Amino acid sequence: MEKISDMVTKGASRAPHRSLFYGMGYTREELEKPIIGVANAFNEIIPGHIQLNEITQAVKMGIAAAGGTPVEFPVIGICDGIAMNHEGMKYPLPSRELIADSIEAMTLAHHFDGLVMVANCDKIVPGMLMAAGRLNIPSIYISGGPMLPGQYSCREVDLNTVFEAVGQYNQQKISAEELDELAQCACPGAGSCAGLFTANSMNCLAEALGMALPGNGTIPVGYGARKQLAKRSGKEIINLVHKQIKPRNIMTSNAFNNAITLDLAMAGSTNTVLHLLAIAHEAGIALELKTFDRLSRIIPVLTKISPSSNFHVTDLYFAGGISAVLKELAEVNLIHTEELTVSGKTIGQDIAKAKITNNEVIKKFAEPYSKESGIAVLYGNLAPDGAVVKVSAVHKSMYSFEGKAQVFNSEEEAYQAIMSGKIKKGDVVVIRFEGPKGGPGMREMLAPTSALCGMGLDNDVALLTDGRFSGATRGAAIGHISPEAAEKGPIALIKDGDIVRINISERELSVDVSEEELKRREANWSLPERNIPANHYLRRYAYLVTSASTGAVFREV
């Protein structure tokens, strides 16, 4: 079989290349096998990645056992939780593009025959899937697994519990000692944070997209089954190479519909909208925000995981996992079961034996948690190109809401106002210039929303932004408002005291200001200066990045 790697291993002219391989300890026989790049995002700054060396070793064992030669290389990763609520949060979303670019560089420079991508968290997962779609060589993704929930005062807790506790502390509802005790036990070990936040949402969607084996999203960190899955992933990549099954054979338009359907049914993070749009772009699939809106009107919520409930991803695993959710949706013809997956089989075959084992965690289609979908796309004169809200995390009393705008030009300004008690019941907090260009980097607003929750205002105050929200966010938090303020979108023209109207059921988001008045304000508007050093990546990012409504991908140059 002719292989891509023959370009660097075969023939007299490649004797120097082989010499370099021999110098690293590779044998002649190993260079005759398929050479598989193993992109390992291990580092010592992300809890979800601290254990990835073990997963990577299991992957490499699987590759070798199946007749391939694994070649490991590193990939960067940023911890959103540690980067949260300061300037560092400007970097996680931009790192997604760096990750995709770096995998492209390593793969094309060295002519790998296939790729196994090992990660776990936030922007690293979509960055890897974007690279797979772009490169279109046989590829498979494997995650490191979800973290177990912590235990505090006889209840399960997670990272979001700590963020919300900051607001409780500010209101003197808990002591500094209690806050520290909670922080000590909320994250009990390695793994992607225990709720259905962005990392675990993306790990689950990788199954529906067909790019990861069943169990990828929910098998807990540290379980033997997780290492078994890694070995099987290593084995399957060799099968994919031999059969030349590539990401674009798998990530079809129907596969993206399957992923969106799962996302809506499990009430995943709103960040998944950004990432699915970006992955589709790299895979050559024309996916629009309107598709999410269309499907959101017919897909009910079948499972609610923290922050939408007290259940965690481990509960979802024991209830039957993502395969059980997909099978329930497939039985009412909402999943395209004929789509190919990295198992070499169809998704219908992958989920055929799945079953729900806990109807409290995974509901039947006929008796869902809610007929309202997990995520909704809102439009109106405040968001002509759309805005995104996690409906399942919003109290029903906030589905229809109006209030006076309190406008801030940065997350820091808004957070200070919230913590100092300046935000009252009935207010609409507007945080702008935090979009992909305006931030730049589209920061997450978990700290402000968590503070509002901790202070007991989540059912009385809405928060709007052209930035985005962590999957851990709950409350009437509406993000991705497009066009963003830096692109002179309507959110740039709102003033303190303007009446903002939200109607989630009708998918509407508007400001009670006439078109004529908005035009008058626009005529007097100018973009605030941003202090970004000329040689920083963020300046290049701001220049190249497009709207959140298109996935915040780079424009063509």
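Everything numeric in this text was worked out from a predicted model, so none of it was measured. Along the sequence shown, residues are numbered consecutively beginning with 1.
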Participant: Considering non-hydrogen atoms only, spot the tightest contact between Glu72 and Asn40 and give its length.
Facilitator: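 Minimum heavy-atom separation between Glu72 and Asn40: OE2-ND2, 2.9 Å.
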
Participant: Is the number of heavy atoms from other residues, nucleotides or ligands within 6.0 Å of CD (Glu331) greater than 12?
Facilitator: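 Counting other residues, nucleotides and ligands, CD of Glu331 exceeds 12 neighbours.
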
Participant: Look only at the side chain of Asn200 and the backbone of Cys193, and say whether a donor-acceptor pair between them is shorter than 3.5 Å.
Facilitator: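 Side chain of Asn200 to backbone of Cys193, a donor-acceptor pair under 3.5 Å: yes, one is there.
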
Participant: Would you say Gln349's side chain and Thr346's backbone share a donor-acceptor pair under 3.5 angstrom?
Facilitator: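 Indeed, once roles are kept as given, a pair shorter than 3.5 Å links the two residues.
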
Participant: Look at Asp6 together with Arg14 and state whether they make a salt bridge at an N to O cut-off of under 4.0 Å.
Facilitator: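 Here Asp6 does not pair with Arg14 in a salt bridge, since their nearest N and O are not under 4.0 Å apart.
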
Participant: Tell me which one of Ile245, Ile238, Ile237 satisfies side chain to side chain contact (heavy atoms under 4.5 Å, CB included) with Pro138.
Facilitator: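 Looking at Ile245, Ile238, Ile237, the match for Pro138 under the side chain to side chain contact (heavy atoms under 4.5 Å, CB included) is Ile237.
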
Participant: For a side chain to side chain contact (heavy atoms under 4.5 Å, CB included) with Arg468, tell me which candidate from His480, Met445, Arg443 qualifies.
Facilitator: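 Between Arg468 and the candidates, side chain to side chain contact (heavy atoms under 4.5 Å, CB included) is satisfied uniquely by His480.
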
Participant: Can you list the steps and then say if Gln228 with Lys231 is a side-chain hydrogen bond (donor to acceptor under 3.5 Å, both in side chains)?
Facilitator: CA-CA 5 Å; Gln228 292 172 27; Lys231 290 176 183 177; over 6 Å; no

Participant: Ignoring hydrogens and angles, tell me if any N or O in the side chain of Asn120 forms a donor-acceptor pair with the backbone of Gly144 under 3.5 Å.
Facilitator: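 Side chain of Asn120 to backbone of Gly144: a pair is present.
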
Participant: Under a plain distance cut-off of 3.5 Å, with no hydrogens placed, do Glu444 and Asn271 share a side-chain donor-acceptor pair?
Facilitator: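 Glu444 and Asn271 do have a side-chain donor-acceptor pair below 3.5 Å.
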
Participant: Side chains of Glu97 and Met130: closer than 4.5 Å at any heavy-atom pair?
Facilitator: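 A side-chain contact exists here, since the closest heavy-atom pair is under 4.5 Å.
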
Participant: Is it the case that the side chain of Thr473 and the backbone of Ser470 share a donor-acceptor pair, with hydrogens and angles ignored and the cut-off at 3.5 Å?
Facilitator: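 Pair found, side chain donor or acceptor close to backbone of Ser470.
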
Participant: Does Asn203 use its side chain to pair, donor to acceptor, with the backbone of Asn216 at less than 3.5 Å?
Facilitator: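 Checking the backbone N and O of Asn216 against the side chain of Asn203, no donor-acceptor pair under 3.5 Å is found.
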
Participant: Does any part of the side chain of Lys390, heavy atoms only, come nearer than 4.5 Å to the side chain of Ser308, both counted from C-beta?
Facilitator: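 Yes, side chains in contact.
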
Participant: For atom CD of Glu29, is the number of surrounding heavy atoms from other residues, nucleotides or ligands below 6.0 Å larger than 12?
Facilitator: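 Enclosed.
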
Participant: Can you check whether Ile322 reaches Met266 side chain to side chain, under 4.5 Å on heavy atoms?
Facilitator: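 Yes; the side chains approach each other to less than 4.5 Å.
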
Participant: Please determine whether side-chain hydrogen bond (donor to acceptor under 3.5 Å, both in side chains) holds for the pair Thr161 and Arg155, giving the CA-CA distance in whole Å, both sets of side-chain angles, and the decisive distance to 0.1 Å.
Facilitator: CA-CA 11 Å; Thr161 316; Arg155 65 187 176 104; 5.1 Å; no

Participant: Any chance you could lay out the side chain to side chain contact (heavy atoms under 4.5 Å, CB included) test for Phe469 and Thr449, step after step, and finish with the verdict?
Facilitator: CA-CA 9 Å; Phe469 295 105; Thr449 55; 3.6 Å; yes

Participant: State, yes or no, whether a side-chain contact exists between Asp158 and Phe197 at a heavy-atom distance under 4.5 Å.
Facilitator: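 Yes, at least one pair of side-chain atoms sits under 4.5 Å.
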
Participant: Can you list the steps and then say if Met202 with Asp122 is a side chain to side chain contact (heavy atoms under 4.5 Å, CB included)?
Facilitator: CA-CA 7 Å; Met202 287 306 305; Asp122 293 87; over 6 Å; no

Participant: Examine distances only and state if a side-chain atom of Thr107 and a backbone atom of Glu104 form a donor-acceptor pair shorter than 3.5 Å.
Facilitator: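 No, the answer is negative, given that no donor and acceptor are paired below the 3.5 Å cut-off.
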
Participant: Is the backbone N or O of Val361 less than 3.5 Å from a side-chain atom of Thr303, with the two atoms forming a donor-acceptor pair by type?
Facilitator: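 Between the backbone of Val361 and the side chain of Thr303 there is a qualifying donor-acceptor contact (under 3.5 Å).
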
Participant: Using every non-hydrogen atom in the two residues, find where Thr69 and Ile63 come nearest and quote the distance to one decimal.
Facilitator: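 Taking Thr69 first and Ile63 second, the nearest heavy atoms are N-CG2, 3.9 Å.
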
Participant: Atom CG of Leu148 and atom OG1 of Thr314: how far apart are they, to the nearest 0.5 Å?
Facilitator: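 One gets 6.0 Å once the value is rounded to the nearest 0.5 Å.
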
Participant: Would you compute the distance between atom OH of Tyr22 and atom CD of Glu30 and round it to the nearest 0.5 angstrom?
Facilitator: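 Between Tyr22 OH and Glu30 CD, I get 10.5 Å after rounding to 0.5 Å.
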
Participant: Of all the heavy-atom pairs spanning Thr357 and Phe318, show the shortest one and how long it is.
Facilitator: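 Nearest pair, atom of Thr357 first, then Phe318: OG1-O, 2.6 Å.
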
Participant: Starting from the C-alpha separation in whole Å, work towards a yes-or-no answer on side chain to side chain contact (heavy atoms under 4.5 Å, CB included) for Val342 and Tyr141.
Facilitator: CA-CA 9 Å; Val342 290; Tyr141 170 71; over 6 Å; no

Participant: Measuring from Arg226:CZ to Ile219:CD1, what's the distance to the nearest 0.5 Å?
Facilitator: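 So the gap between those two atoms works out to 5.0 Å.
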
Participant: Could you grab the distance from atom CD1 of Ile305 to atom CD1 of Ile362, nearest 0.5 Å is fine?
Facilitator: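 The CD1 atom of Ile362 is 8.0 Å from CD1 of Ile305, to the nearest 0.5 Å.
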
Participant: To the nearest 0.5 Å, tell me how far Leu446 CG sits from Met89 CE.
Facilitator: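 Nearest 0.5 Å value for the CG-CE distance: 8.0 Å.
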
Participant: Would the number of heavy atoms belonging to other residues, nucleotides or ligands and lying under 6.0 Å from NZ of Lys90 be above 12?
Facilitator: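 Check passes, neighbour count above 12.
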
Participant: With no hydrogens and no angle check, is any side-chain donor or acceptor of Asn258 less than 3.5 Å from a backbone partner on Leu209?
Facilitator: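 No; zero donor-acceptor contacts below 3.5 Å.
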
Participant: Do Val553 and Leu277 have side chains that approach each other closer than 4.5 Å (heavy atoms only, starting at C-beta)?
Facilitator: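 With C-beta onward as the side chain, the pair stays apart.
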
Participant: Under the side chain to side chain donor-acceptor pair (under 3.5 Å) rule, what pairs show up with a residue in residues 317-329, not counting sequence neighbours?
Facilitator: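 Counting only pairs at least two positions apart or across chains, the side chain to side chain donor-acceptor pair (under 3.5 Å) contacts touching residues 317-329 are Glu328-Lys364.
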
Participant: Kindly indicate whether the side chain of Glu338, heavy atoms from C-beta on, has any atom under 4.5 Å from the side chain of Asn254.
Facilitator: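 They are in side-chain contact.
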
Participant: Are there over 12 heavy-atom neighbours, none belonging to Lys3, within less than 6.0 Å of that residue's NZ?
Facilitator: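 Yes, NZ of Lys3 has more than 12 neighbouring heavy atoms, counting only those of other groups under 6.0 Å.
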
Participant: I need the minimum non-hydrogen distance between Ser269 and Thr198, along with the two atoms involved.
Facilitator: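 Smallest heavy-atom distance, with atoms named: OG-OG1, 2.8 Å.
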
Participant: I'd like to check Ile76 versus Ile99 (side-chain heavy atoms, cut-off strictly below 4.5 Å). Are they in contact?
Facilitator: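 The answer is yes, as the side chains (C-beta and beyond) meet within the 4.5 Å cut-off.
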
Participant: Could you check Val391 against Ser373 for side chain to side chain contact (heavy atoms under 4.5 Å, CB included), going step by step and ending with a plain yes or no?
Facilitator: CA-CA 7 Å; Val391 181; Ser373 195; over 6 Å; no

Participant: Is Arg294 close to Asn257 at the side-chain level, that is, under 4.5 Å between some pair of heavy atoms?
Facilitator: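 Yes - at least one pair of side-chain heavy atoms lies under 4.5 Å apart.
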
Participant: Determine whether more than 12 heavy atoms belonging to other residues, nucleotides or ligands lie under 6.0 Å from atom NZ of Lys33.
Facilitator: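 Count over threshold, so yes.
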
Participant: If only atom types and distance count, is the side chain of Tyr541 paired as donor or acceptor with the main-chain N or O of Pro436 below 3.5 Å?
Facilitator: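 A pair under 3.5 Å: no.
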
Participant: Mark yes when over 12 heavy atoms from residues, nucleotides or ligands other than Asp293 sit less than 6.0 Å from its CG; otherwise mark no.
Facilitator: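 Yes, CG of Asp293 has more than 12 neighbouring heavy atoms, counting only those of other groups under 6.0 Å.
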
Participant: For Arg28, look at atom CZ and say whether over 12 heavy atoms of other residues, nucleotides or ligands are found less than 6.0 Å away.
Facilitator: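 No, not enclosed.
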
Participant: Relative to each other, are the rings of Phe21 and Tyr26 parallel, tilted or perpendicular (30° and 60° limits)?
Facilitator: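 Judged by the thresholds at 30° and 60°, the geometry between Phe21 and Tyr26 is perpendicular.
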
Participant: Which atoms form the tightest heavy-atom contact between Gly217 and Glu207, and what is the distance?
Facilitator: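 So the minimum-distance heavy-atom pair works out to N-OE2, 2.8 Å.
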
Participant: Report, as yes or no, whether the 6.0 Å neighbourhood of atom CE on Met106 holds more than 12 heavy atoms from other residues, nucleotides or ligands.
Facilitator: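 Count over threshold, so yes.
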
Participant: Main chain of Ala41, side chain of His49: is a donor-acceptor contact present, judged purely on distance under 3.5 Å?
Facilitator: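 Yes; judged by distance alone, with no hydrogens or angles, the pair exists.
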
Participant: Could you grab the distance from atom CG of Leu213 to atom CD1 of Ile140, nearest 0.5 Å is fine?
Facilitator: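 It comes to 4.0 Å.
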
Participant: Are Asp101 and Arg134 within salt-bridge range, i.e. N to O under 4.0 Å?
Facilitator: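 A salt bridge is present here (some side-chain N lies under 4.0 Å from a carboxylate O).
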
Participant: Do you know the tightest heavy-atom contact between Pro188 and Met147?
Facilitator: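 That would be CD-SD, 3.9 Å.
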
